[in-house]
Structure formats: structure tokens, C-alpha cells
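The sequence lines fix the lettering, A, B, ..., with proteins before strands; numbering per chain opens at 1.
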Protein chains: 2
Amino acid sequence: MTVSRTADPNVSKPARAAREPADAPEAEAGGIRMGELSELLGYSLKRAQLRVFDDFIRCMTSLNLTPAQFSVLLLIDRNPGRNQTEIASTLGILRPNFVAMLDGLEGRELCVRVRSANDRRSHILMLTDKGRTILARAKKLVATRHEARLNEVLGPANRAALLEMLATLARDF
Amino acid sequence: MTVSRTADPNVSKPARAAREPADAPEAEAGGIRMGELSELLGYSLKRAQLRVFDDFIRCMTSLNLTPAQFSVLLLIDRNPGRNQTEIASTLGILRPNFVAMLDGLEGRELCVRVRSANDRRSHILMLTDKGRTILARAKKLVATRHEARLNEVLGPANRAALLEMLATLARDF
DNA sequence: TATTGTTATACTCTATAACTATA
DNA sequence: TATAGTTATAGAGTATAACAATA
């Protein structure tokens with residue numbers, strides 16, 4: 001295998017990127033240069049998403065709800081009378097994968113599947129009283145712990161601007 | 001199982017959220033109300049991240065590089081002489097999972113593992129000539145297709161603001 | 001023939017324990 | 001004893017094909 005580069009950093013270091021002036025040293029993490037990675041939107045997007053989800057899960061430990069479960073409960077509550085296909089596809093969940101997810105929520109008695117009278121193939125989804133109670137508590141935790149902390153770190157104006165740009169990406173990109 | 005809510009949307013619809021004035025109708029997706037999901041940063045973060053990664057992969061089809069593989073090649077190139085643990089941990093990849101990833105890159109002759117002379121336990125990572133060629137082409141594709149399109153959709157100023165907020169979240173949140 | 005929910009299955013990511021060879 | 005790379009493994013998440021019931 002051909003390896004023309006030597007192990008000497010001074011010999012093998014690539015030329016500094018044009019957009020990195022000499023007085024603005026390149027971003028590092030633990031002494032390792034991040035290179036163009038600091039400018040790659042997808043990379044920061046992924047890292048930020050993992051952090052935010054971790055915090056969400058931490059805020060929800062008492063209720064034991066994942067982000068996906070929370071979004072499903074929210075959508076069922078807001079859209080009574082919808083079936084599995086409609087709720088799943090809205091969230092980008094494939095129908096086969098939605099089955100186990102609903103089994104879990106129904107097993108915890110947070111929601112129920114009811115055969116539709118109109119179309120006996122489909123299952124109408126609705127929250128149980130317990131499901132509505134949990135959802136209400138979850139919303140409160142999200143607002144007072146999770147989103148409140150995001151507001152602290154970003155500031156309200158930045159938070160709103162960020163949300164709109166992310167929505168733009170999800171919609172138009 | 002107790003289900004107090006009826007199937008009638010008018011009866012069971014929850015009160016409109018306080019922050020949604022009557023003249024700003026709630027966001028919908030295919031006729032389904034998104035509820036508080038439109039205001040949940042983590043949700044938009046995830047959807048945006050999936051879109052951006054999909055586009056990245058599409059732009060890279062000719063080189064067959066995933067975002068993770070691209071970031072590994074970039075970091076190896078920028079940090080000659082580093083071992084697997086250092087590169088992997090910088091990217092948030094667990095050492096056991098980094099093995100198969102490197103097997104793939106080394107199998108394609110894009111990089112090599114070399115036993116360190118100082119510490120014969122560790123493998124120094126470096127790109128091959130082929131690896132450097134592929135990386136250069138990948139960078140060009142990312143800049144001219146992927147990031148260029150992000151710039152179109154967001155505008156340069158917004159793109160920069162978004163990147164900084166995401167970096168803030170990844171760092172301080 | 002088409003659609004809903006479902007099963008089976010597979011592939012990727014991620015996470016942990018434990019082994020080996022070195023230190 | 002501690003660390004680097006590795007193996008094995010298990011769990012999520014995601015993807016497709018195909019089946020039964022129903023339209």
C-alpha cells in the first residue's frame with residue numbers, strides 16, 4: 001500500500017484553509033484540529049441534535065417517555081379519529097415500525113386502538129385518561145425544564161430564529 | 001380500559017394553546033395538526049438533520065462516502081500521527097464501533113493503520129494517496145453542491161447564524 | 001385490485017463487557 | 001494495574017417484502 005505522507009506533522013500538514021485567517025486559530029477538540037468540520041452544517045446539526053435529545057430524555061426520566069413517544073402522544077391528542085397510517089406518516093415513521101411503538105404505549109395504557117366503524121381495516125387512535133394525564137405532565141416538564149434551558153443558553157430571540165431556520169430546512173431543503 | 005374521550009373531534013379537541021392566536025392557524029402536515037411539536041426545538045432539529053444528511057449522501061453518491069466516513073478522513077488528514085482512540089473520541093464514536101469503520105476505509109485503501117514505534121499498542125492513522133485524492137474530491141463536492149444549496153435556501157447570513165447557534169448548543173447545552 | 005395493520009427480516013447505529021498485547 | 005485495539009453481543013432505529021382482513 002502506498003503512503004507518501006510521512007509521520008512528521010510539519011511535513012504532512014495540509015495548507016491552512018483559505019477562510020481561516022492566521023489570527024483566528026482553527027477550532028480544536030482535545031488538541032485535535034476539526035478542520036472543515038467546524039464549517040460543515042450537517043456535522044453541527046447532528047451534534048446539537050444528540051445533545052438536545054439527551055437533555056429531553058433526561059428531563060423525561062420520571063415519565064419514561066422518549067422524544068418519539070412524546071410526539072406520538074401529542075399527535076394522537078391533537079388529532080382524534082386518525083388511524084395508524086396517518087399518525088405514523090406525519091412523524092416520518094414507517095407503518096411496520098409503528099406497530100411495536102403503539103404496542104408499547106397501549107401496553108402502558110396510554111392510548112388505545114379502536115376498529116373504525118367506517119373502514120374496518122383501520123384502527124382509530126385515542127389517548128386514555130392516563131395517557132392525557134401523562135401527556136399534560138410531559139408538556140409541563142418540557143416547557144419548564146427542557147425548553148427553558150434552551151432559552152437560557154440561546155436567548156429567546158436566537159431560539160426563535162433557530163427554530164424558524166430549522167423548519168425552513170425541514171420544509172424546503 | 002377507560003376511554004372517556006369520544007371519537008367526535010369537536011368534543012375531544014383540547015383547548016388551543018395560549019401562544020397560538022386565532023389568526024395564526026396551527027401548523028398542519030397533510031391535514032394533521034402538529035400542536036406543540038412545531039415549537040419543539042428538538043423535533044425540528046431532528047427533521048432538519050435527516051434532510052441535510054440525506055442531501056449530503058446524495059451529493060456523495062459518486063464517491064460513496066457517508067457523513068461519518070467523510071469526517072473520519074478529514075480528521076485523519078488534519079491530524080497526522082493520531083491513533084484510533086483519539087480520532088474516534090473526537091467524533092463521538094466509541095472505540096469498538098470504530099474498528100469496523102476503519103476496516104471499511106482501509107479495505108478501500110483510503111487510509112492505513114501503522115503500529116506506533118513509541119507505543120506498540122496503538123495504531124497511528126494516516127491517509128493513503130488515494131485517500132487524499134478522494135477527500136479532496138469530496139470536499140469539492142460538499143462545497144459546490146451540498147453547502148452551496150444550503151446557502152441558497154438559508155442565505156449566507158442565516159447560514160452563518162445557524163451554524164453558530166448549533167455550535168453553541170453542541171458546546172454549552 | 002388497493003389499502004390497513006401486521007409479521008418477518010435485515011441492516012445500520014449505538015452501547016457494554018471482556019479479551020490480547022502491550023505499557 | 002492500566003491502556004489500545006479488538007471481539008462478541010445486544011439494543012435501538014430504520015428499511016422492504018409479503019400476508020390476512022377489508023375495501
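- Distance CG/Leu74(B) to CG/Leu91(B): 9.0 Å, rounded to 0.5 Å.
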*How does protein contact run along nucleotides 11-18 of chain C, one letter per nucleotide 5' to 3', with B for base contact, S for sugar-phosphate only, - for none, heavy atoms under 4.0 Å?*
---BBBB-
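- Atom P of nucleotide dT7(C) and atom CZ of Phe98(A) are separated by 15 Å, given to the nearest angstrom.
- Met101(A) places its CE atom 16 Å from the P atom of dG5(C), with the value rounded to the nearest Å.
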*Given Ile87(A) and Phe98(A), is the side chain to side chain contact (heavy atoms under 4.5 Å, CB included) satisfied, shown in steps?*
CA-CA 9 Å; Ile87(A) 299 293; Phe98(A) 198 48; 3.8 Å; yes
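- Considering only residues two or more places apart in sequence or on other chains, Glu28(B) meets the side-chain hydrogen bond (donor to acceptor under 3.5 Å, both in side chains) condition with none of them.
- A salt bridge links Arg58(B) with Asp55(B): at least one charged nitrogen is closer than 4.0 Å to a carboxylate oxygen.
- When the ring-ring contact (aromatic ring centres under 6.0 Å, His included) test is applied to His123(A), no partner is found at least two apart in sequence or on another chain.
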Taking only nitrogen or oxygen atoms into account, show me every contact under 3.5 Å that the protein makes with nucleotides 20-23 of chain C, one pair per line with its distance.
unit_1	atom_1	unit_2	atom_2	d
dA23(C)	OP1	Arg120(B)	N	2.9

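- In this structure, Gln49(B) atom CD and dG13(D) atom P are separated by 14 Å, rounded to whole Å.
- Sequence neighbours left out, the pairs with a member in residues 152-164 of chain B that pass side-chain hydrogen bond (donor to acceptor under 3.5 Å, both in side chains) are Glu147(B)-Arg159(B).
- In this model, the phosphate group of dA4(D) is not approached by any side-chain N or O of Arg82(B) to a distance below 4.0 Å at OP1 or OP2.
- A side-chain donor-acceptor contact under 3.5 Å links Gln69(B) to the backbone of Thr66(B).
- Remark: P of dA23(D) and NE2 of His123(A) are 12 Å apart, rounded to the nearest angstrom.
- Rounded to whole angstrom, the span from the CZ atom of Arg95(A) across to the C1' atom of dA8(C) amounts to 17 Å.
- Interatomic distance, CG of Leu75(A) versus CD of Glu86(A), reported as 10.5 Å (0.5 Å rounding).
- Distance Asn83(A) CG to dA2(C) P: 19 Å, rounded to the nearest Å.
- Listed by first then second residue, pairs satisfying ring pair (Phe, Tyr, Trp, His ring centres under 6.0 Å) with a partner in residues 136-164 of chain B read Phe56(B)-His146(B), not counting sequence neighbours.
- Between Thr85(B) and the phosphate of dG5(D), there is a side-chain N or O to OP1/OP2 separation shorter than 4.0 Å.
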